[in-house]
Amino acid sequence: QRPGRQAAPLRKLASWWLAHFDSTPPQSAGRRFPDERAVNQLRKISGISQELSDRIRLFALGEPVPPVGRAALRVGCRHAWCELESDSEEWQAWIRNWAEVAGVELWQLVGWIDEVGARWCGPQPQCEGCPLAGFLPSGGPREPET
């Protein structure tokens, strides 16, 4: 891609960040999460998808908002843990619950889901060797409806 296409959203993201956090790192003791108005502004930045805004909120701000990307959709649907038609709140609740049951941090689970999606659960599932293969429904992986 052309660098100019990426520069505009990055500038807008930086402006959004400075408007809501000044120069205080969000990991500092006085960290605060953005309010709903700020989140809506983040999502309206051209080039920032809901998934990316949720990644920013989780990884940069530590907010418990799991991003629902292609990997999560494939893993959840193929294992019959969530339906493709479910809304983003249901998907996020499923991911949060999975992190709680597994006893891991949300950011860590999201990373694992991304890795499973990249290595085993791509457009064509490669279930052999996948750490989640034992959790497939009888009959094998279900295909997400497009």
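A heavy-atom distance below 4.5 Å is found between the side chains of L58 and P67. A heavy-atom distance below 4.5 Å is found between the side chains of W91 and L73. Side-chain contact check for F59 versus V110: some heavy-atom pair is nearer than 4.5 Å. Contact of the C121 side chain with the C130 side chain is not registered, since no non-hydrogen atoms from C-beta on lie closer than 4.5 Å. You'll find the side chain of R70 reaches within 4.5 Å of the side chain of R74, heavy atoms only. With a 4.5 Å cut-off on side-chain heavy atoms, R142 and E83 count as touching.
Note: the hydrophobic cluster containing L106 also contains V116 (ILVMFWY, side chain heavy atoms under 4.5 Å, direct or indirect links). Under the 4.5 Å side-chain contact rule for hydrophobic residues, V65 and L42 do not share a cluster. Hydrophobic clustering (side-chain heavy atoms under 4.5 Å, transitive across Ile, Leu, Val, Met, Phe, Trp, Tyr) groups V75 together with W112. At a threshold of 4.5 Å between side-chain heavy atoms, the hydrophobic network of Ile, Leu, Val, Met, Phe, Trp and Tyr places V68 and L109 in one connected group. One hydrophobic cluster, built from ILVMFWY side chains closer than 4.5 Å, cannot hold both V39 and W17; they sit in different ones.
Between the side chain of R96 and the main chain of P66, no donor-acceptor pair closer than 3.5 Å is present. The main-chain N or O of R11 is found under 3.5 Å from a side-chain atom of S15 such that the two form a donor-acceptor pair. W120 contributes no side-chain N or O that, together with a main-chain N or O of P131, makes up a donor-acceptor pair within less than 3.5 Å. A distance-only check finds no donor-acceptor pair linking the side chain of H79 to the backbone of P137 [under 3.5 Å].
The minimum heavy-atom distance linking A38 with D35 is given by the pair N-OD1, 2.8 Å. Considering all non-hydrogen atoms of both residues, S88 and Q50 come closest at OG-NE2, 3.6 Å.
At a threshold of 4.0 Å, the pair R55-D114 counts as salt-bridged, since one of the basic side-chain nitrogens sits closer than that to a carboxylate oxygen. Under 4.0 Å is where a charged nitrogen must lie from a carboxylate oxygen, and between R43 and E51 no such pair does.
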Where do I113 and W98 land on the side-chain contact (heavy atoms from CB on, under 4.5 Å) test, with the steps shown first? CA-CA 11 Å; I113 292 171; W98 192 11; 3.5 Å; yes
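Here W81 contributes atom CH2 and W94 contributes atom CH2; the two are 6.5 Å apart, rounded to the nearest 0.5 Å. Between the CG atom of L132 and the CG atom of L136 there is a distance of 8.0 Å, given to the nearest 0.5 Å.
Q92 pairs in a side chain to side chain donor-acceptor pair (under 3.5 Å) with only one of the listed residues (D54, N97, D87), which is D54.
No more than 12 heavy-atom neighbours from other residues, nucleotides or ligands sit within 6.0 angstrom of CD on E100. Remark: E105 CD is loosely packed, at most 12 non-hydrogen atoms of other residues, nucleotides or ligands lying under 6.0 Å away.
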